[in-house]
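Below is one structure, written out as structure tokens; the observations come after it.
Only a predicted model underlies this, so the values are computations on that prediction, with no experimental measurement involved. Index from 1, following the sequence.
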Amino acid sequence: MKMKSWLSAAGACALALAITGNNAMAADAKKGKEVFEQCSACHDVETNEKKMGPALKGLYKKGKLHNGKPVTDANVQAIVDAGGNGMPPYADILSAAEKADLIAYLKTV
């Protein structure tokens, strides 16, 4: 019985990872802070003051992004991937793990 429940839990975890397409369990906010260093020239996480790009302090506490979409991992990653308004696209610059780490970090600010 214990083996069966473990398999069920493992299967549920694998399904969740497959649905999100992102290994959220492995995301590391500390590594994400390092990734964010290249973003910090244009984005601030310490204050709500706009630099070249919008401040990201409390991003995940806000209801909507600047584009009006809800703040979700998928919508934040879409902005990171596509760039826009002077921000370069990072789809091919950051790895999937780096993006997951960055999102994990942004959830802490």
By salt bridge (Lys or Arg N to Asp or Glu O under 4.0 Å), Lys107 pairs with (sequence neighbours left out) Asp73
In terms of heavy-atom contacts, Ile93 and Glu98 come closest through O-OE1, 4.0 Å
Nearest heavy-atom contact between Val71 and Lys62 is CG2-O, 3.4 Å
What one should report as the nearest heavy-atom pair of Gln38 and Leu94 is NE2-CD2, 3.5 Å
Counting only heavy atoms not in Asn85, do more than 12 fall under 6.0 Å of its CG?
no
In short, salt bridge (Lys or Arg N to Asp or Glu O under 4.0 Å) pairs touching residues 81-92 with sequence neighbours left out are Asp81-Lys99
Anything under 3.5 Å between a donor and an acceptor, one on a side chain of residues 48-59, the other on a protein residue two or more places apart or in another chain? List them.
unit_1 : atom_1 : unit_2 : atom_2 : d
Lys51  : NZ     : Ser40  : O      : 2.6

Here the gap from Ser95 atom OG to Leu102 atom CG, rounded to the nearest 0.5 Å, amounts to 10.5 Å
Residues 36-69 vs ring-ring contact (aromatic ring centres under 6.0 Å, His included), sequence neighbours excluded, gives Phe36-Tyr105
Minimal heavy-atom distance between Asp28 and Asp101, with the atoms involved, is N-OD1, 2.7 Å
When rounded to the nearest 0.5 Å, the distance separating CD of Glu34 from CD of Glu37 is 6.5 Å
Residues passing the side-chain hydrogen bond (donor to acceptor under 3.5 Å, both in side chains) test with Thr108, sequence neighbours excluded, are none
Closest heavy-atom pair, Ala27 versus Ala104, reported as atoms and distance to 0.1 Å, is CB-CB, 3.8 Å
Those residues at least two apart in sequence (or on a different chain) that pass side-chain contact (heavy atoms from CB on, under 4.5 Å) with Pro88 are Tyr90
